[in-house]
Amino acid sequence: MQLDTQEKFSHLTITLHWLVGLTIIGLLAVGVYMTETETGSLYPIHKAFGFLIFFVVLARVGWRLKNGWPIPVSQYSKIEQVLAKVVHWVLIIGTLLMPVSGFLMSTMGGHGLDVFGLEVVARNVDPENPAKAMPINKSLAAFSHSVHHWLGEAMIVAVILHVVGALKHHLIDRDGTLRRMLGARV
Ligand code: HEM
Ligand code: HEM
């Protein structure tokens with residue numbers, strides 16, 4: 001498999017970046033929207049996509065470990081390099097821990113998980129009131145809920161900084177950082 005070079009990224013790096021990146025932006029937006037508007041019909045869709053993307057994230061992290069981090073297209077100030085590194089780490093850790101915390105929050109809360117009709121974890125119903133989910137581990141569900149909420153907020157900030165950074169490279173520095181992630185040789 002062809003690895004990344006400073007001049008050109010491999011197809012796998014580019015495909016995994018955009019597949020994960022755009023799905024995560026969608027999940028963040030739907031997550032906030034459905035929670036704020038209490039749109040219950042979006043929950044199963046959010047949960048199913050969030051669960052499925054986890055396997056692509058694992059492939060992406062494995063590929064990143066094999067490949068190493070991208071070499072910047074040119075030399076930048078120390079502060080810019082540190083900021084980019086911190087943001088990339090928040091994004092990588094977030095993509096791993098958001099699906100895990102979401103999964104634990106739902107399943108430990110007794111709500112179960114269904115992926116487009118396929119039952120992955122069954123609901124834990126209260127025998128006296130079958131319409132009500134019964135928590136399996138209330139404190140783990142509550143802890144995972146907090147992680148999902150706060151890490152979600154941190155990811156939104158990181159994604160904004162990341163996109164602003166990409167646009168700054170493209171429009172102000174006029175270098176090949178964004179074009180390289182779009183498949184160009186720079
Ligand atoms: C429209 C949105 C986005 C744009 C324009 C964008 C752009 C870029 C660019 C140009 C790079 C290359 C940086 C370099 O060469 O050092 C990059 C790398 C990266 N991006 Fe994004 N990105 C977007 C969304 C996201 C999202 C939502 C995530 C995470 C959930 C993400 C995670 C990463 C990570 C971890 C890297 C480091 C390199 C790698 O692991 O492949 N990006 N992005
Ligand atoms: C990368 C994957 C994921 C991302 C980026 C994500 C993002 C979010 C965000 C930003 C929220 C709003 C949080 C708030 O404002 O309190 C949310 C809510 C939620 N997410 Fe996720 N999520 C992901 C995966 C999952 C998974 C796999 C599940 C379950 C299997 C899940 C279940 C939920 C539930 C049930 C809520 C609503 C919580 C509430 O009612 O307070 N999420 N998600």
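Since the structure is predicted, the reported quantities are computational estimates derived from the model, not experimental observations. Hydrogens, waters and symmetry mates play no part in the numbers below; they use all other heavy atoms, side chains included. Note that ligands are numbered from 1 as they come in the structure, with each ligand's atoms numbered from 1 the same way. One is the number of the first residue; the rest follow in order along the sequence.
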Handout entry: Nearest neighbour of atom 36 (C) of ligand 1 from the list M155, H169, H88, on a heavy-atom basis
Key =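 Shortest heavy-atom distance from atom 36 (C) of ligand 1: H88.
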For ligand 2, is any non-hydrogen atom under 4.0 Å from [X]'s backbone (N, CA, C, O), its side chain (CB onward), both, or neither?
X	value
L28	both
M34	side chain
H145	side chain
P99	both
F54	neither

If you measure from [atom1] on [X] to [atom2] on [Y], what distance do you get to the nearest 0.5 Å?
X	Y	atom1	atom2	result
R60	L96	CZ	CG	10.0 Å
R179	H169	CZ	NE2	12.5 Å
L19	I53	CG	CD1	4.5 Å
T107	L113	OG1	CG	7.5 Å
I156	I25	CD1	CD1	11.0 Å
K168	D173	NZ	CG	3.5 Å

Handout entry: Backbone or side-chain N or O of T35 under 3.5 Å from ligand 2 N or O
Key =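 No; the residue has no nitrogen or oxygen that sits under 3.5 Å from a nitrogen or oxygen of the ligand.
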Problem - Any N or O of H149 closer than 3.5 Å to N or O of ligand 2 - result: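 Indeed, backbone or side chain, H149 has an N or O that close.
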Indicate, as side chain, backbone, both or neither, the part of [X] found under 4.0 angstrom from ligand 1 when only non-hydrogen atoms are considered.
X	result
I25	side chain
W18	side chain
I92	side chain

Problem - Exam field: side chain S106 to backbone F103, donor-acceptor pair closer than 3.5 Å - result: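 A pair under 3.5 Å: no.
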Handout entry: Exam field: side chain K8 to backbone G183, donor-acceptor pair closer than 3.5 Å
Key =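 Checked: pair present.
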Are [X] and [Y] packed together at the side-chain level, in the sense that at least one heavy-atom pair is separated by less than 4.5 angstrom?
X	Y	answer
F51	V121	no
S101	H149	no
H148	M98	yes

Considering distance alone, does some N or O of [X] sit under 3.5 Å from an N or O of ligand 1?
X	answer
R180	yes
R60	yes
T177	no

Which ligand 2 atoms are under 4.0 Å away from a heavy-atom of [X]?
X	value
Y43	35 (C), 37 (C), 39 (C), 40 (O)
L113	30 (C)
S106	29 (C), 35 (C)

Exercise for the section: Could you go through the side-chain contact (heavy atoms from CB on, under 4.5 Å) check for D4 and W69 one step at a time? Expected result: CA-CA 9 Å; D4 294 345; W69 288 96; over 6 Å; no
Practice task
Could you grab the protein N, O or S atoms closer than 2.8 Å to atom 21 (Fe) of ligand 1 for me?
Solution key: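 N, O, S partners closer than 2.8 Å: H17 NE2, H162 NE2.
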Residue [X] excluded, over 12 heavy atoms near [atom1] under 6.0 Å:
X	atom1	answer
I79	CD1	no
H11	NE2	no
Y43	OH	yes
K85	NZ	yes

Practice task
Decide whether the shortest distance between a heavy atom of P72 and an atom of ligand 1 is less than 4.0 Å.
Solution key: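 The answer is no, since P72 has no heavy atom less than 4.0 Å from ligand 1.
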Practice task
Work out whether the distance between some heavy atom of L178 and some atom of ligand 1 is less than 4.0 Å.
Solution key: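 It does, in that a heavy atom of L178 comes within the 4.0 Å cut-off of ligand 1.
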Exercise for the section: Below 2.8 Å of atom 21 (Fe) of ligand 2, tally up the protein N/O/S atoms for me. Expected result: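 Number of qualifying protein atoms: 2.
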Problem - Where M155 and L28 come nearest, the two heavy atoms and their spacing - result: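 The answer is CB-CD2, 4.1 Å.
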Exercise for the section: Kindly give the heavy-atom pair with the smallest separation between T13 and R64, and that separation in Å. Expected result: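 Closest heavy-atom pair between T13 and R64: CG2-NH2, 3.7 Å.
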Handout entry: Contacting atoms of ligand 1, where contact means under 4.0 angstrom from a heavy atom of T95
Key =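 Here the atoms of ligand 1 in question are 30 (C).
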Problem - Proximal ligand 1 atoms for I24, defined as those under 4.0 Å from one of its heavy atoms - result: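 Listed by number with element: 30 (C).
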Exercise for the section: Begin with the C-alpha distance, continue with both residues' side-chain angles, and end with the deciding distance and a verdict on side-chain contact (heavy atoms from CB on, under 4.5 Å) for M108 and F143. Expected result: CA-CA 10 Å; M108 292 300 118; F143 174 71; over 6 Å; no
Problem - Distance from atom 41 (O) of ligand 1 to nearest protein heavy atom, with residue and atom - result: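 I find the closest protein heavy atom is R64 NH2, 2.6 Å.
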Practice task
Could you check H162 against H88 for side-chain contact (heavy atoms from CB on, under 4.5 Å), going step by step and ending with a plain yes or no?
Solution key: CA-CA 8 Å; H162 185 67; H88 286 167; 3.5 Å; yes
